[in-house]
Amino acid sequence: MAETYRDAWGIPHLRAGDADGLARAQGRVTARDRAWQLEVERHRAQGTSASFLGPGALSWDRLARRARLADTARRCFAALEEKDAETAAWVRAYTDGVNEGLAACDAPEFARAGLAPGRWEPWAPLGVWLATHLLFAGFPAKLWREHITAHLGPDAVALFAADGPGTAGSNGWLVSGGRSLTGHAVIAGDPHRFIEDPGVYQQIHLSCPEFDVVGLAVPGVPGIAHFGHTGTVAWAITNAMADYQDLYRERLRRTGAGVEALGPDGAWHRAARHTETIRVAGEADVEVEVIETDRGPVVAGGPEGLDDGTPAALSLRYPPRVTADLGFGALLPLLRARRVADVDRALDAWAEPVNVVQAADTEGGLLHRVAGRVPLRSAANRLRPVPAWEPGHEWTGWHTPPRAGLTDGVAVMANQRGPATPLGVEFAPPHRADRIAALLAGKERWSAADMPAIHTDTHLASAAPLLDHLAALDDLTPEAGALRDRLLAWDRHMDAGSTGAAAYAAVRGAVVRRLAAHPVLAPASVPPAYPEVLLPWLALVPRVGYALEHLLRAEDLYGIDRAGAVRAALEEVAARPPAGTWGDTHRLAPWRALPDGSHGEEPGLSGDHDCVLCTSAVPGLTDRAARGPAARYVWDLADREDSRWVVPLGACGIPGSPHHRDQRPLWLDGELAPVVTDFDRLTKETDG
């Protein structure tokens with residue numbers, strides 16, 4: 001028998017007699033709260049979302065089919081049944097619960113989409129995990145490097161090296177007991193992802209005789225993978241920015257028997273081939289040719305090349321497709337962890353995404369390590385697509401995940417170069433990590449209650465290069481001179497109520513657009529004919545926007561008159577200055593699978609891409625923020641009840657529910673809700 005309780009924020013707290021019963025209850029309550037979200041994610045994993053979302057979802061469905069996500073999920077679950085029957089049974093129990101919950105769901109989106117809830121197979125949670133993280137490692141960045149090299153030469157790669165537009169990041173920091181007021185460690189941070197409605201993280205409490213864990217779950221996946229607190233040990237992650245997916249250029253040819261691919265041995269080898277049909281709501285069905293070579297599934301092009309006739313085909317090699325192991329064997333051991341050593345052992349089974357992990361326990365144990373599978377292969381594989389027909393690009397083993405220690409009793413992770421440096425190519429700029437470290441160095445002892453001040457810091461260190469260029473200008477019009485002086489006096493904080501931040505963002509955007517339109521760079525704005533879903537990585541304006549500080553500080557930028565571009569941008573904005581504050585244009589833009597326009601104007605936000613409060617606009621394109629803190633957490637090892645958390649909207653995904661958006665005011669104000677784990681303080685909802 002399982003029991004469901006709720007706290008004041010509608011967060012589910014589940015109690016059952018064993019792990020399988022608890023997994024079933026987790027699946028059931030997730031389906032009650034997030035039925036529409038679960039079904040959207042299942043269809044995305046299967047490549048069937050266009051059947052009810054329409055042609056806008058077709059490009060993703062093509063990629064999901066061609067990358068063989070569902071087939072990989074089936075393979076990984078079959079291997080799990082063979083090697084880890086306990087975990088396989090636990091996952092089955094979860095999907096049983098999901099099916100029970102879906103049978104009784106009344107989410108209004110189903111009627112609007114003309115969709116009925118389907119049936120979850122045991123491999124579906126693995127498919128959801130794969131679909132969620134396929135683009136997480138940013139393999140399309142290799143296409144960008146190749147693209148910009150073709151236009152500007154190899155030196156351009158370093159100039160544009162920055163956190164890419166599709167990459168998810170996070171902040172995280174660990175304060176040891178020696179630096180806390182209680183003598184016990186505190187872990188805090190916030191994962192940065194696309195803000196979705198419903199949210200990508202589910203606050204949940206799972207309790208049975210084996211374990212009692214509170215944390216952030218991924219809807220559709222059992223357990224608590226990334227952020228959890230068992231009472232005696234807690235852990236959290238950020239994206240390690242590791243490179244663990246490879247693209248191969250393939251030479252393919254059709255034969256009477258099918259398709260062949262040229263291998264590194266100089267011989268042609270039979271490729272697996274079949275066709276699949278994608279249903280598209282409101283349009284004709286689309287047939288997709290699915291090809292897989294010895295390297296991996298072909299995700300772009302084919303024997304006839306790309307859609308524009310360019311002779312190209314790209315296959316994708318990614319670890320779960322090679323190993324049939326998605327790392328789900330780590331999930332139950334994480335729930336059962338009592339000490340840092342238990343978390344450490346559990347993470348040895350982790351596969352993807354590759355993360356930097358921090359953990360601490362009540363006995364003073366600390367952990368700072370990388371977890372996940374990164375293949376050993378040539379350096380060229382990590383930089384760009386490599387020729388499948390040339391030897392030397394095969395995988396030869398796996399990296400040993402690096403480990404790190406603390407500095408002055410703290411460890412900071414914010415996707416910067418750190419312990420994962422040997423495993424990656426491009427990392428986030430160091431600004432967020434440096435700012436967090438500087439704030440932590442500002443006082444000797446910290447408490448859990450102090451952490452929101454770090455979560456919400458809005459200092460923008462990356463503003464310096466543009467402001468330096470402004471300071472060097474002379475002979476400006478009176479209006480531009482006044483704007484320049486105002487910006488140089490600005491405190492460099494991207495606060496929602498700041499007119500200075502609004503003016504800075506306007507000048508920055510104008511500079512980005514002018515640089516991107518320059519005859520030297522403009523040709524790179526036309527991307528190759530790759531699938532639409534990959535094009536955000538190839539868009540020039542976001543690339544210029546995110547790399548602006550590098551472009552402005554470079555000794556030379558291909559002869560571009562940067563001072564002239566900055567001057568023209570300043571004069572442009574001075575002639576038509578922003579009418580309001582940063583928050584007037586920097587507004588939340590959450591993604592909804594089925595938008596209906598009923599949510600009204602979204603709120604204004606503080607922060608920016610390189611702030612600790614990382615609410616990411618796209619300079620030069622839009623001030624609206626589709627990415628940001630998808631949750632915030634503070635794990636207190638002195639007393640779990642002193643921990644805190646918040647999500648951008650609420651615990652429930654059902655529109656109109658009192659808990660659909662009730663945490664948004666807290667999230668906007670930088671406040672956190674209490675973590676309650678005492679069942680006597682909760683409201684019992686159901687038995688069964």
Side-chain angles (χ1 to χ4, degrees), residues 40-78 115 118-119 121 123-124 126-128 130-131 134-135 139-140 143 245-263 268-318 320-322 324 385 388-389 528-535:
V40 169
E41 294 304 319
R42 180 178 68 85
H43 280 280
R44 280 174 54 80
Q46 295 176 172
T48 54
S49 55
S51 65
F52 61 96
L53 296 180
L58 178 58
S59 185
W60 167 265
D61 282 357
R62 285 181 185 271
L63 179 63
R65 301 288 189 106
R66 300 189 75 179
R68 311 217 64 193
L69 295 188
D71 185 71
T72 303
R74 292 186 191 98
R75 286 189 185 184
C76 289
F77 186 76
L115 181 71
R119 179 165 184 80
E121 298 296 332
W123 55 266
L126 287 79
V128 168
L130 277 168
L134 179 68
L135 296 174
F139 72 81
L143 302 178
Q245 301 165 325
D246 281 354
L247 286 173
Y248 290 83
R249 291 213 169 276
E250 298 278 0
R251 287 181 178 169
L252 304 177
R253 70 180 185 186
R254 294 196 186 278
T255 69
V259 174
E260 293 181 339
L262 184 61
W268 291 90
H269 298 266
R270 178 79 175 270
R273 179 204 171 275
H274 68 277
T275 59
E276 297 182 10
T277 300
I278 301 177
R279 291 185 54 219
V280 184
E283 294 190 359
D285 293 351
V286 174
E287 192 173 84
V288 176
E289 184 177 36
V290 179
I291 299 171
E292 185 165 8
T293 74
D294 292 339
R295 271 67 58 195
V298 173
V299 294
E304 288 74 39
L306 298 172
D307 289 345
D308 64 354
T310 303
L314 292 171
S315 63
L316 173 66
R317 191 168 181 83
Y318 59 103
R321 188 67 185 165
V322 174
W389 57 88
Y530 291 120
E532 181 183 352
V533 71
L534 304 180
L535 295 186

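For the single chain, residues carry numbers from 1 onward in sequence order.
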Any side-chain donor near an acceptor of the partner, E250 and T293, under 3.5 Å: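 The answer is yes; a qualifying pair exists.
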Under 3.5 Å side-chain donor-acceptor pair for R321 and T72: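 Note: R321 and T72 side chains meet the donor-acceptor criterion.
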Would you say [X] and [Y] make side-chain contact, with heavy atoms under 4.5 Å?
X    : Y    : answer
R44  : S49  : yes
L247 : R295 : no
V259 : V298 : no
L130 : P320 : yes
R253 : P303 : no
L135 : W60  : yes

Looking only at heavy atoms, what is the nearest atom pair of [X] and [Y], with distance?
X    : Y    : value
V299 : P531 : O-CG, 3.8 Å
S51  : A281 : O-CB, 3.4 Å
S59  : V533 : OG-N, 2.8 Å
A45  : A64  : O-CB, 4.4 Å

Listed partners of [X] passing salt bridge (charged side-chain N to carboxylate O under 4.0 Å, His left out), at least two apart:
X    : value
E532 : none
E121 : none
R75  : D71

Donor-acceptor contact below 3.5 Å, side chain Y530 vs main chain P140: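 Between the backbone of P140 and the side chain of Y530 there is no qualifying donor-acceptor contact (under 3.5 Å).
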Short side-chain to backbone donor-acceptor contact, D61 and A50, under 3.5 Å: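 Checked: pair present.
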Chi angles and distances behind the side-chain contact (heavy atoms from CB on, under 4.5 Å) call for R65, T48: CA-CA 9 Å; R65 301 288 189 106; T48 54; 3.5 Å; yes
Listed partners of D246 passing side-chain hydrogen bond (donor to acceptor under 3.5 Å, both in side chains), at least two apart: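 Per chain and number, D246 pairs via side-chain hydrogen bond (donor to acceptor under 3.5 Å, both in side chains) with K142, R377, N381, W395.
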CA sep, side-chain torsions, deciding dist, call: L69, Y318, side-chain contact (heavy atoms from CB on, under 4.5 Å): CA-CA 11 Å; L69 295 188; Y318 59 103; 3.9 Å; yes
Pairs under 3.5 angstrom only: tabulate donor-acceptor contacts from the side chains of residues 268-275 to other protein residues two or more places apart or in another chain.
| residue | atom | partner | partner atom | Å |
| --- | --- | --- | --- | --- |
| H269 | NE2 | D265 | OD1 | 3.0 |
| H269 | NE2 | D265 | OD2 | 2.9 |
| R270 | NH2 | A257 | O | 2.8 |
| R273 | NE | E289 | OE2 | 2.5 |
| R273 | NH2 | E289 | OE2 | 3.4 |
| H274 | NE2 | E276 | OE2 | 2.7 |

Residue pair R249, L314: steps toward the side-chain contact (heavy atoms from CB on, under 4.5 Å) verdict: CA-CA 5 Å; R249 291 213 169 276; L314 292 171; 3.6 Å; yes
Between CD1 on residue I278 and CG on residue D285, distance to nearest 0.5 Å: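 Here the rounded value is 9.5 Å.
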Inter-residue atom distance E292.CD - D294.CG, 0.5 Å rounding: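 With rounding to 0.5 Å, CD (E292) is 9.0 Å from CG (D294).
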Whether over 12 other heavy atoms sit under 6.0 Å from R279 CZ: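 Counting neighbours around CZ of R279, 12 or fewer heavy atoms of other residues, nucleotides or ligands fall under 6.0 Å, so no.
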Full working for side-chain contact (heavy atoms from CB on, under 4.5 Å) between H43 and L115: CA-CA 11 Å; H43 280 280; L115 181 71; 4.1 Å; yes
Residue list, side chain to side chain contact (heavy atoms under 4.5 Å, CB included) with R42, at least two apart or on another chain: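 Once residues adjacent in sequence are excluded, the partners of R42 under the side chain to side chain contact (heavy atoms under 4.5 Å, CB included) criterion are E39, Q46, W120.
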